[in-house]
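All residue numbers refer to positions in the sequence shown, counting from 1.
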Amino acid sequence: TAGQAVDVAFKIGDAVQACYKGDQWCQATIEAENDDGSFVVKWSDYDNDADASERTRQASDLRKEGNEQQKDSWGEEGEGWWKKWDNKNKDDGEKRWADGEGWEENAVKKWKGEGDEENAEGAEWGSDLKYFKEVDEEEYKQDSEPIEFREWPLLSDWQEWEPNSKEAMTATFLVQKIRARTQCSWEQRLKVTVTGFTATKEQVNGEYAQAGMHEMRPFYEHVEGKFVMYCLDKTKWCISTEVGAAESQAWAFYQPPEDVEGKAKVKVPKQPPEGRWEVNLAYASGKVMVSKAEPVEEAFPSAKAVEGFKQLVGQRLVDQRLLVGVLQWLAANVLEVNVLPPGLSDGALMLIGEDNPSARSAVAKVPGPSLLAKANAPVPSPALRKKAAAMFEEFIPILFDKLGGVAIFGEIEDFKELVDDVLGAMPMTVRLQALVHAIEFAHLKDKPYRDPESLAIALAKLCLPERAIETTCRLSLGNAIGLVEDSMSATNDEQVSLYRVGKVSVLNRLYVDWQLSPSEDELTRLHYYSVRTQLTILLLIERDIERYWAKVWSSQGKSEAERATALREYLNFEKLLIRHLASEDSKASQDLENESRKAVDIFELARVRKSVSDVLRKLKQMYGWSPSLSTRVKMSKTNWVARLSALLFLANAEACVDADLKLKVLLQQEVGRKLGNEVLTYFEHWHSLQEGDGLSLKLPRTVGKDRAERIEQMYNDYQSDSMKRFGPQGYQPFTPFNLPSAQAPGTPRGGG
């Protein structure tokens, strides 16, 4: 090894092997000898433009071709490094190998097929090459596997600030998740520099940056020109104008040394080999050199980014949550995409800057507990990423058919290309949620996209920074997969289909009763959740509006115009929706389900609310009656189950002079009772009778409006006779001195 004292004479002109960069033996020729006994070498395969002092080597850093002195130092009878190491470890069961060009036969025999085979890779012993081939393939497993099969272990050793809050701890964890991929040796984006091409006008020299994978090896693209660098058939690195071009079309290539029997098997490097490359004289000439592959950018996070993160960690809770949201967005862009995006540190600094409100606005819409829960999800496993990719591909044909198919979008290949063009660069969570939104919107509105361009615009809106950041803060990859499964199950799951029917019913009532018609953009956030949760949120919004309306119209001292203005300002669907998305608290849902003091499932509650509208519609159809303003206020203050029960009692009444008064009394009566699903049973019985599916009943006779008003006025004007009282026998006159009726003369007794 380098640095050992050797008793070998060197002279000018000798062909030697010299130690290059500390641990690599390379071919050289002795060019000069210095007074101190050192030598100046001329490299055979490397640039010699460096100063002679940088090419100066001591005699201990040189060895003659043929390794004559190596045998003296490392032979079986010598006392070199190998012998000492072997004697020290011969009984500890560890694997042993000989340094130098070849493998010690006894070492290979000792551990061949035993224990950890890591250090056997690439070796060659006898004619049995299968064993070493398998080990070589195992070494490249991470490189050869598609992105969805790779696994990124969490690097938990990174810590730059005190974990003084949940947000600060979560931010540290997110950085560790990002580094789990960016710091893996097979994931780091590298660059090389090419020099030496002459006799060509093409831009072949310059910097090449890693751009993707080709045949399980990375390929590089010229940052300014049209040339690429790639590994052909896993055997030879080439520079050409097209990835995968044949060797005859390569402008330059690296010719690896041939395998020599009995020596270490020569492997094709995983990255472009450093040093001299052969030039294809048909295209150019020169002495082409390729530099060592280096990272394109500083490891994440850069020093500048760390300082920016620390500032936010030391500020208000809202600023700490901004940092968590931005890091969650970066983590999704790192852990859910095929190719690592460049400039992560710069991107983070831009998003947390004061002059960029999009990230701050997006994170502010997400409740703190939900943000932390999603951010603290583990690194997506290979199985989960594989499942997500498969479901995305499986979901596209379903969406294609639902949106109109060939008639609108042409062939499905064109549709897939459109989706990939718009969503291809997004994290998988954003891509899945975008497809879910499109199909859920199509369930609300038949063929909502008239042409491919309108669909592309709708999907592109979901990729805007503010919306995409909010998506990754609200949903983990597992959540997004759950949404797809929920949407896909609708064709076979009757319950999901019924939830969608309930959604449509609520949205129609919001439009008819309150002139509230949400846009597609406003409905997008609703589609962050399962169909059942979507129905729950819409019912909560409807109940909120009823309560607010009743409160405004019951208030004193406000004109009708002022009340109408207040209601118009309140009827903002996005604000009403954000209120429930911002809490994500099941308490609101539980309160709604238990408002009648008896638990009613959200789907049954949706049926109850629809039944209320059905009864009112039937009463108007049969009797021409609609509740007065004061009655509507009373109804809006009453829970839906009690409201339906009171309306059913009113509808079944044999006679009713004042329906508004009667309904107010019934509402007061029913709101005090514990009512549940049994009210739906009463409604179904009543509805079957009204539709003619039950008993045959005579139609009720209705009193004309004028006559009803006269009768009501007569009751209102009635005043009792002060000289009469109501007794057991009916109205009776008062007797003198208020004697009891039994003592009054001429008064009939008993029932007579």
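- Proximity of a side-chain donor or acceptor of His222 to a complementary backbone N or O of Met229 within less than 3.5 Å is not detected.
- From Gln183, atom CD reaches atom CH2 of Trp158 across 11.0 Å, with rounding to the nearest 0.5 Å.
- The nearest pair of heavy atoms linking Ala18 to Val41 is CB-CG1, 4.4 Å.
- Distance alone, capped at 3.5 Å, places no donor-acceptor pair between the Gln328 side chain and the Cys473 backbone.
- In this view, Phe309 satisfies the ring-ring contact (aromatic ring centres under 6.0 Å, His included) rule with no residue, not counting sequence neighbours.
- Judged by distance alone, the side chain of Thr200 and the main-chain N or O of Phe197 form no donor-acceptor pair under 3.5 Å.
- Inspection of the Trp161 and Thr172 side chains reveals an N or O donor paired with an N or O acceptor under 3.5 Å.
- One finds no salt bridge joining Glu221 and Lys226 here, because no Lys/Arg side-chain nitrogen approaches an Asp/Glu carboxylate oxygen to under 4.0 Å.
- Side chains of Val16 and Ile30 form a contact here, defined as non-hydrogen atoms less than 4.5 Å apart.
- The line from CD of Gln249 to OG1 of Thr241 is 7.0 Å long, rounded to the nearest 0.5 Å.
- Phe227 is linked by a ring-ring contact (aromatic ring centres under 6.0 Å, His included) to Trp251, counting only residues two or more places apart in sequence or in another chain.
- Asp61 places a side-chain heavy atom less than 4.5 Å from the side chain of Gln58.
- When all heavy atoms of Met426 and Cys463 are compared, the pair lying nearest together is CG-SG, 3.5 Å.
- When the shell of 6.0 Å around CD of Glu162 is examined, it contains 12 or fewer heavy atoms from other residues, nucleotides or ligands.
- You'll find the side chain of Leu372 reaches within 4.5 Å of the side chain of Glu167, heavy atoms only.
- Side chains of Glu297 and Ser345: no donor on one and acceptor on the other come within 3.5 Å.
- Side chains of Thr170 and Asn376: a donor-acceptor N/O pair is present below 3.5 angstrom, by distance only.
- A cation-pi geometry, defined here as NZ or CZ lying under 6.0 Å from the six-membered ring centre and within 45° of its normal, does not hold between Arg179 and Phe300.
- Between the side chain of Arg181 and the backbone N or O of Val334 there is at least one donor-acceptor pair closer than 3.5 Å.
- With no hydrogens or angles considered, a side-chain donor-acceptor pair links Thr429 and Glu336 at under 3.5 Å.
- Few gaps surround NZ on Lys236; more than 12 heavy atoms of other groups in view lie less than 6.0 Å from it.
- With Trp237 contributing its side chain and Pro269 its backbone, the two residues share a donor-acceptor pair below 3.5 Å.
- The two atoms that bring Leu330 and Leu344 nearest to each other are CD1-O, 4.0 Å, heavy atoms only.
- Asp36 and Ser38 get closest at one heavy-atom pair: OD1-OG, 2.6 Å.
- Side chain of Gln320 to main chain of Gln315: a donor-acceptor pair is present (N/O by atom type, distance under 3.5 Å, no hydrogens or angles).
- Under the 4.5 Å side-chain criterion, counting only non-hydrogen atoms from C-beta, Tyr220 is in contact with Gln271.
- Interatomic distance, Phe39 CZ to Glu33 CD, rounded to the nearest 0.5 Å: 4.0 Å.
- Using modelled atom types, no side-chain atom of Asn356 and backbone atom of Ile352 make a donor-acceptor pair closer than 3.5 Å.
- Between Asp346 and Lys304, no side-chain nitrogen of the basic residue sits less than 4.0 Å from a carboxylate oxygen of the acidic one, so the salt-bridge criterion is not met.
- The CD atom of Glu274 sits 11.0 Å away from the OG1 atom of Thr193 when rounded to the nearest 0.5 Å.
- In terms of heavy-atom proximity, Leu335 sits nearest to Arg385 at O-CD, 3.3 Å.
- Panel note: side chain Thr182, backbone Ile178; a donor-acceptor pair is recorded below 3.5 Å.
- Under the 3.5 Å distance criterion, the side-chain polar atoms of Asp319 are left unmatched by any main-chain donor or acceptor of Leu312.
- Taking the side chain as every heavy atom from C-beta outward, Arg431 and Phe392 approach each other to under 4.5 Å.
- Note on Lys234 versus Glu215: no salt bridge recorded, every NZ/NE/NH1/NH2 to OD/OE distance being 4.0 Å or above.
- Counting heavy atoms from C-beta outward, Glu247 and Phe253 have side chains that approach closer than 4.5 Å.
- Here the side chain of Arg57 pairs a donor or acceptor atom with the backbone of Cys19 at under 3.5 angstrom.
- Residues Val204 and Ile239 approach most closely at CG1-CG2, 4.1 Å, considering heavy atoms.
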